[in-house]
Amino acid sequence: MLLDQVTKRYPGQSKPAVDGITLEIPAGKVVMLVGPSGCGKTTTLKMINRLIEPTDGRIVLGDDDVTDIDGDELRRRMGYVIQAGGLFPHMTVAANIAIVPKMLGWSKERVAARVDELLELVSLDPDTYRDRYPKELSGGQQQRVGVARALAADPPVLLMDEPFGAVDPITRQRLQDELINIQEELHKTIVIVTHDFDEAVKLGDWIVVFSEGAHIVQYDTPERILAEPANEFVENFIGSGAGLKQLTLTRVRDVELASAITVKPGDAATDVLATLDAEGHNHAVVLDERGRPIGWPSRRQLARMDSVPATRFDDLPVIGDGATLNDALDTMLVSSAGAALVTGRRDVFMGVITVEVVMEAITHSRAEAAKEAAYTPVGINTGVIDTITVPEEGPIDE
């Protein structure tokens, strides 16, 4: 996708909201738009699907100039997710997700199958949620349905405007993990507006840092922006503790996970305790019929049971393997076990991450940050960059 000298001027304003931006977005990658409030990042996003019409310039999707395409047709080709989901309150979850497929003339059978497929994809049980209304869902569940609706017609491009800004921090982290898992499976071209730089580092393959007027100050990988900010503006936007922000670059899947004793609902508690004794473990992980963790009882809890329960434990410390070590540490803080359960695609259990593993990574990160601070690279361009393009595979390192 290419934005070529795109400008947006509003009547009565002396300066353009977006001033001649040129930006190439690599196919199949996640590009994060960040910058101070009022810098034009949301306007830029909305011009891509022409919810806001550009004043000048062109936007090219594949071989098509989208300024020549009917706006409604264009928006059916792009998924769009806003804060708090934006669901229609009078429609069920299934009806919300089915809107675009029905507009495209899909059969009832195909629409129903797609609704169930997408609910599974965003980790909502179809039998439980398809007939509910938005008011019966939590904020995080509404946002998951919003993502499912945006993906309903399998669009190549997904646009997201502060998608996780209206939920609590724990739910936000889980939704971010879910998006990472979905992207690993679908490989969409995703453009996300966020005010949270840590979120940009976690989710983005590329980050665009805007100043006023949507001028591009730096467009680079998260690693390069943290290690080599283009100028003082970017440094200030990153904020303090850039060295420890490197933890946000390390995924749970990148570290060694501990094994666990896994059991099924209905197993005899005495048998589970005997296995824990034999293996030297203090907890057992209860998995449902699809291999998803629903409980993590300790020896003491098991000693008070006759059999392993089938009910899901409250506040189970679960983290996706695409989550960052920062997220893992936050999750562990609420776990009496000093560890967290790690899940992969479709929430299948993979192993356990411990505090010791994260602390070791922090120590390594600090050492690397100290090395970087002691070394000043030669020839880094610290000027403001107004326009940048990248090839489909992304920028080539110098």
### Message
Glu212: which residues meet the side-chain contact (heavy atoms from CB on, under 4.5 Å) condition with it, sequence neighbours left out?
### Response
Lys15
### Query
Would you say the side-chain atoms of Arg58 pair up with the backbone N or O of Asp65, donor to acceptor, closer than 3.5 Å?
no
### Task
Can you label the angle between the Phe237 ring and the Phe233 ring as parallel, tilted or perpendicular, going by 30° and 60°?
parallel
### Message
Are more than 12 heavy atoms, taken from residues, nucleotides or ligands other than Leu186, located less than 6.0 Å from that residue's CG atom?
### Response
yes
### Query
For Val285, does its backbone N or O pair with a side-chain atom of Thr262 as donor and acceptor, under 3.5 Å?
no
### Task
Without swapping roles, check the side chain of Gln183 against the backbone of Gly28 for a donor-acceptor pair under 3.5 Å.
yes
### Query
Is there a donor-acceptor pair under 3.5 Å between the side chain of Gln143 and the backbone N or O of Ile82?
yes
### Task
Go through the side-chain N and O atoms of Thr324 and Gln176 and say whether any donor and acceptor fall under 3.5 Å apart.
no
### Query
Any side-chain heavy atom of Val93 within less than 4.5 Å of one from Leu137?
yes
### Query
With under 30° as parallel and over 60° as perpendicular, where do the rings of His283 and Trp296 fit, or are they tilted in between?
tilted
### Message
I'd like to know whether Asn49 forms a side chain to side chain donor-acceptor pair (under 3.5 Å) with Arg75, so could you lay out the CA-CA distance, the side-chain angles of the two residues, the decisive distance to 0.1 Å, and finally the verdict.
### Response
CA-CA 6 Å; Asn49 67 357; Arg75 285 183 281 277; 5.4 Å; no
### Task
Please check if atom CG in Asp315 has more than 12 non-hydrogen atoms from other residues, nucleotides or ligands closer than 6.0 Å.
no
### Query
Quick one: does Glu360's side chain have a donor or acceptor within less than 3.5 Å of a partner on Val357's backbone?
no
### Query
Taking the side chain as C-beta and beyond, is there a heavy-atom pair between Leu341 and Val352 under 4.5 Å?
yes
### Query
Would you say Arg114's side chain and Ile97's backbone share a donor-acceptor pair under 3.5 angstrom?
no
### Query
Measuring from Glu117:CD to Arg110:CZ, what's the distance to the nearest 0.5 Å?
10.5 Å
### Task
Using atom types as modelled and distance alone, determine if a side-chain donor or acceptor of Asp19 lies under 3.5 Å from a backbone N or O of Pro16.
no
### Glu120 and its salt bridge (charged side-chain N to carboxylate O under 4.0 Å, His left out) partner, picked from Arg346, Arg290, Arg292
Arg290
### Query
Would you say the side chains of Asn96 and Arg149 form a donor-acceptor pair under 3.5 Å?
yes
### Query
Do side-chain atoms of Asn326 reach the backbone of Leu329 as a donor and acceptor pair under 3.5 angstrom?
no
### Query
Distance only, no hydrogens: is a donor on one side chain within 3.5 Å (strictly under) of an acceptor on the other, for Asn181 and Arg345?
no
### Query
Just by modelled atom types, is the Val66 backbone N or O under 3.5 Å from a matching donor or acceptor in the Asp64 side chain?
no
### Query
Any side-chain heavy atom of Ile238 within less than 4.5 Å of one from Pro229?
yes
### Task
Could you tell me whether a side-chain N or O of Asp267 sits under 3.5 Å from a main-chain N or O of Val308, the two making a donor and an acceptor?
no
### Message
Checking side-chain polar atoms at under 3.5 Å, does Thr92 have a donor or acceptor matched by the opposite partner on Asp131?
### Response
no
